[in-house]
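See below for the structure under consideration.
In this text, all values refer to a predicted model and were calculated from it rather than measured experimentally. Because only heavy atoms are used, hydrogens play no part in the values below, and waters and symmetry mates are left out as well, while side chains stay in. Numbers here simply count residues along the sequence, with the first being 1.
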Amino acid sequence: MRSTSQCSSAMPISVDRIHTFKDIEAHWRALFHRSSNANFFISPAWMSAWLAEGGGAAELWCIRYESAGQVELIGIFGAARIGAPLISVQESRLHGLCDPALDAIYIEYNDFLIADQNNARRIEAIHAAINALSQCDQFVFQNITDVLAADIKAVASDLGLTVRELVRQPTYQCDLKTLRQGQTDLVSSLSKSLRHKVQRSQRLYEERGPLDFALAETTAARQTAFSRLIALHQAGWRRRGVDGAFSNPAFVAFHERLIRGAPEQTHLIEIRAGGETIGVLYNFIFGNRVSAYQSGFRFEDDNRLAPGYLSHALACEYYLAAGFDVYDFLGGDAEHKRRLGLVGPALSTVCVERRNPKMRLRSVGRKIKQQILGKNAVY
């Protein structure tokens, strides 16, 4: 690897070209075990599945902050040229590859992996990355919390760069710890109307036969559950007239690698009524936290049936009994998330842009596009 940037010897920061996650895996794993902000989306399991085949068309750059011979912060930027030839720009993404198909893998709670919540250290790292990757016109930080967003804005202000918030979305979570402390269950804590909806759905399904909540534990069972997840997920989205996430081959390949590489951290759960699968949940496990990442449900014409609500309610009861503290529905505003969970931290996608002629021209084009297509045309 080649170092391209370094500050003083007291606070050394390097930005190095890498080719796969294996180039830095040992450093990443060592820091992950003592990190204060570790989460599943920046875990070795996620990163190794993400970069198993390198960065594709993107260059990969690793930023490291070392102190006393020990790595205290680490992160990976992908960099690639995007857009039509005459108006293309060089983009860099924190834990992204600047390719819509590859970045549809959709990292959440994105951040540098850091030993402690030292904002000065994170700010130094952002500053160094932007300076070292001088060929890049814009830097995208997808699905980050407000803490990282504030640090990015501080660096942009210092460097005279433009910051745009492209997307902001809420998260919703079931507070299992509070339920446990109150010696209650999720269904009892719901509103009267939602409690009735879930209980009625359960009763109707049980008329077909026993209701079974099954965590896939063998390799064969996991493969079967994953296939059923894809089929139900795709069918559900086709009912709405759009393609589901699993229509993207890169998305499917990534999750196949992730499931193989991290079986204890990737739960595939089938909910069956009378032997027929009515729902499949795909959840990530990290510490005392469950992240509900993907799902697929068997929707029917009888609107009294609520396979999604029932599946998530049963999952919350399962994880509550197992000692978990949080069931996180992750980013995105949806009715079932709002009704089953409480509001968690917001996630935003932020773009930092250099103030050069090319980016000024794109800014003018973006304003024209927004006037024609509406305010949601962020690019």
Side-chain angles (χ1 to χ4, degrees), residues 1-2 4 15-25 27-28 39-64 74-85 87-113 125-126 128-130 132-144 148 152 164 166-167 243 245-262 284 293-294 330-331 347-354 359 362 378-379:
M1 295 188 290
R2 178 172 55 88
T4 61
V15 183
D16 307 318
R17 179 74 188 275
I18 64 171
H19 298 283
T20 70
F21 182 65
K22 290 184 182 298
D23 293 343
I24 56 165
E25 185 171 3
H27 293 296
W28 201 284
N39 69 67
F40 185 77
F41 293 96
I42 52 175
S43 68
W46 179 279
M47 290 293 161
S48 59
W50 173 52
L51 294 180
E53 299 176 5
E59 294 181 350
L60 299 176
W61 296 89
C62 174
I63 183 162
R64 285 186 295 174
I74 197 166
I76 301 170
F77 283 88
R81 186 159 292 281
I82 63 167
I87 56 171
S88 66
V89 298
Q90 190 76 11
E91 180 177 273
S92 182
R93 285 181 172 250
L94 177 64
H95 304 142
L97 299 175
C98 313
D99 181 319
L102 297 175
D103 292 333
I105 291 166
Y106 211 71
I107 189 171
E108 303 197 34
Y109 296 105
N110 191 11
D111 202 346
F112 298 93
L113 186 62
I126 299 167
I130 291 175
L133 300 180
S134 58
Q135 77 278 19
C136 293
D137 301 297
Q138 64 183 28
F139 297 80
V140 178
F141 300 81
Q142 183 182 24
N143 287 332
I144 60 175
L148 177 55
I152 292 167
R164 292 190 296 124
L166 306 183
V167 179
D243 291 331
F246 293 98
S247 61
N248 177 357
F251 185 88
V252 175
F254 166 81
H255 287 289
E256 288 175 339
R257 292 194 298 269
L258 183 62
I259 291 167
R260 284 196 306 269
F284 299 147
Y293 185 77
Q294 279 292 353
L330 301 175
L347 298 177
S348 60
T349 297
V350 172
C351 182
V352 178
E353 299 174 343
R354 300 193 192 277
M359 298 309 293
R362 282 176 64 89
V378 294
Y379 278 104

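Nearest heavy-atom pair across Ala45 and Leu258 is O-CD1, 3.6 Å. Across Trp28 and Pro44, no two heavy atoms sit closer than the pair CD1-CG, 4.1 Å. What you find for Ile63 and Ala128 is that their closest heavy atoms are CD1-CB, 4.2 Å. Between Ala79 and Gln90, the shortest heavy-atom contact is C-NE2, 4.1 Å. Across all their heavy atoms, Arg64 and His27 have their closest contact at NH1-NE2, 3.0 Å.
With Tyr109 as the partner, the side chain to side chain contact (heavy atoms under 4.5 Å, CB included) test is satisfied by one option alone out of Ile144, Asn143, Leu148, Leu347: Leu347. Considering Ile24, Leu60, Asp23 in turn, Leu60 is the only one that fulfils the side chain to side chain contact (heavy atoms under 4.5 Å, CB included) rule with Leu51.
When atom types are taken as modelled, the side chain of Arg164 and the backbone of Cys351 share no donor-acceptor pair closer than 3.5 angstrom.
To the nearest 0.5 Å, atom OG1 of residue Thr20 and atom CD of residue Glu53 are 11.0 Å apart. A distance of 12.0 Å separates CD in Glu108 from CZ in Phe40, rounded to the nearest 0.5 Å. With rounding to the nearest 0.5 Å, the separation of CZ in Arg354 from CD in Gln138 is 11.0 Å. The structure places CZ of Arg93 at 13.0 Å from CZ of Phe139, a figure rounded to the nearest 0.5 Å. Note that CH2 of Trp46 is 7.0 Å distant from CD1 of Ile105, once rounded to the nearest 0.5 Å. In this structure, CD1 on Ile76 lies 11.5 Å from OG on Ser92, to the nearest 0.5 angstrom.
Residues Glu25 and Met47 fail the side-chain proximity criterion, which asks for heavy atoms closer than 4.5 Å. In this structure, Trp50 and Leu97 have side chains that are in contact, with non-hydrogen atoms separated by less than 4.5 Å. Using a 4.5 Å heavy-atom cutoff, the side chains of Leu166 and Gln142 are not in contact.
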Please walk me through it: do His255 and Gln294 pass side-chain contact (heavy atoms from CB on, under 4.5 Å)? CA-CA 11 Å; His255 287 289; Gln294 279 292 353; 5.7 Å; no
Applying side-chain contact (heavy atoms from CB on, under 4.5 Å) to Phe112 and Ile126, what does each step give before you reach the verdict? CA-CA 9 Å; Phe112 298 93; Ile126 299 167; 3.6 Å; yes
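The aromatic rings of Phe41 and Tyr293 lie tilted to each other, with the angle between the two planes from 30° to 60°.
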